[in-house]
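Here the structure comes first, spelled out in structure tokens, and everything after it is commentary.
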Amino acid sequence: MSRASATNRSKGLFEMPIYCFAKVSSTNEVAKELAIKGAHEGVVVLAEIQSEGRGRCGRSWFSPEGGLWLSIIMRPKIRVDEAYKLTFIVAVSVANALIKYGLCPLIKWPNDVLVNGKKISGILTEINSKNDCIEFAVVGIGINLNNIISKSAAKHGFSAVSLRECLDERVDSDKFLRFLLNEIEDRYVEFSCIGFESILEEWKKHSYVLNRVVEVYESGVRFSGLAFGIDENGALLIRLENRKVKSIISGDIKLAESRKP
Ligand code: BT5
């Protein structure tokens with residue numbers, strides 16, 4: 001881990017320092033260590049470069065200079081099976097921050113934000129729990145901001161884009177971060193005080209897969225069907241060709257064809 005500096009934010013629940021590092025292994029890892037030592041909700045860990053940025057299921061996350069790589073510590077009073085709500089809150093917030101720049105982002109279940117079908121952001125929520133309740137969650141957010149990603153992504157077999165590539169100009173990363181943290185804070189407060197309903201509605205409005213035919217790869221098995229809903233555990237509901245409903249807790253999906261079964 002290299003040198004850290006801390007800045008303070010101006011308002012609200014997340015009136016916590018942002019720990020800024022030049023380079024860390026993974027901001028989720030650093031945030032987790034801080035949370036174990038008792039760091040408060042709202043603490044943010046940010047790095048210019050991650051040497052071991054990670055995605056789900058042990059996948060790696062390219063984290064060169066220019067991107068926005070950060071993790072937020074949250075201590076929501078919710079059960080473990082509600083952890084997906086934090087991912088949804090952040091995905092909607094990322095989408096709204098991007099909309100401010102004139103983009104039309106869509107959220108791909110469970111944790112991606114896409115622009116023109118290319119991944120601009122990924123979210124990784126990791127939790128520590130006690131008796132089925134969350135002790136703390138670390139929500140990691142990777143956003144391709146000013147890094148150039150599309151060509152190197154294509155070479156590695158995935159499709160990605162950055163905000164800079166979409167706009168054809170660099171963006172002010174401090175300003176973007178402020179937008180993003182405000183969006184997250186507003187939704188997190190709403191979730192804690194009122195509930196999840198309207199956030200889920202917003203998530204559905206931005207969904208890339210709902211009401212589309214998708215192909216699912218789950219534990220080595222591949223099938224397709226109509227993605228038609230989200231259940232109370234955040235699982236994606238798929239209607240198969242035999243009309244049976246299958247719920248997908250984790251797995252990778254891609255759009256199949258526009259025709260409904
Ligand atoms: C994710 O995983 O999309 C979650 C990514 C979370 C990254 C943040 S950065 C801050 C914090 N600290 C961390 O260490 N992680 C979090 P998943 O759905 O498993 O997607 C991983 C896949 O996305 C890879 O296998 C690649 O195909 C693709 N990918 C890797 N780097 C990418 C990038 N920079 N932009 C777009 N796609 C990428």
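Treat the numbers as computed from the prediction; the structure is a model and nothing was measured. Both counts, for ligands and for their atoms, begin at 1 and track the order of listing.
- For residues 157-175, no pair satisfies salt bridge (charged side-chain N to carboxylate O under 4.0 Å, His left out), with sequence neighbours left out.
- The aromatic rings of Tyr188 and Phe191 lie tilted to each other, with the angle between the two planes from 30° to 60°.
- Pairs engaging residues 91-108 under the salt bridge (charged side-chain N to carboxylate O under 4.0 Å, His left out) rule: Lys100-Glu183, Lys108-Asp112 [sequence neighbours left out].
- Ring geometry for Phe88 against Phe196 counts as tilted: the plane angle lies between 30° and 60°, on a 0 to 90° scale.
- Near ligand 1, residues Ser26, Thr27, Asn28, Gln50, Gly53, Arg54, Gly55, Arg56, Arg59, Ser60, Trp61, Phe62, Leu70, Ser71, Asn111, Asp112, Lys119, Gly122, Ile123, Leu124, Gly140, Ile141, Gly142, Asn144, Ile149, Phe158, Ala160 each place a heavy atom inside the 4.0 Å sphere around the ligand atoms.
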Mind listing the side-chain donor-acceptor pairs of residues 61-70 below 3.5 Å, one per line with the distance, residues two or more places apart or on another chain?
residue: Ser63; atom: OG; partner: Gln50; partner atom: NE2; Å: 2.9
residue: Ser63; atom: OG; partner: Trp61; partner atom: O; Å: 2.9
residue: Trp69; atom: NE1; partner: Glu48; partner atom: O; Å: 3.4
residue: Trp69; atom: NE1; partner: Ser63; partner atom: O; Å: 3.4
residue: Trp69; atom: NE1; partner: Pro64; partner atom: O; Å: 3.0

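- Looking at Ser121 and Ile141, their side chains come closer than 4.5 Å, going by heavy atoms from C-beta outward.
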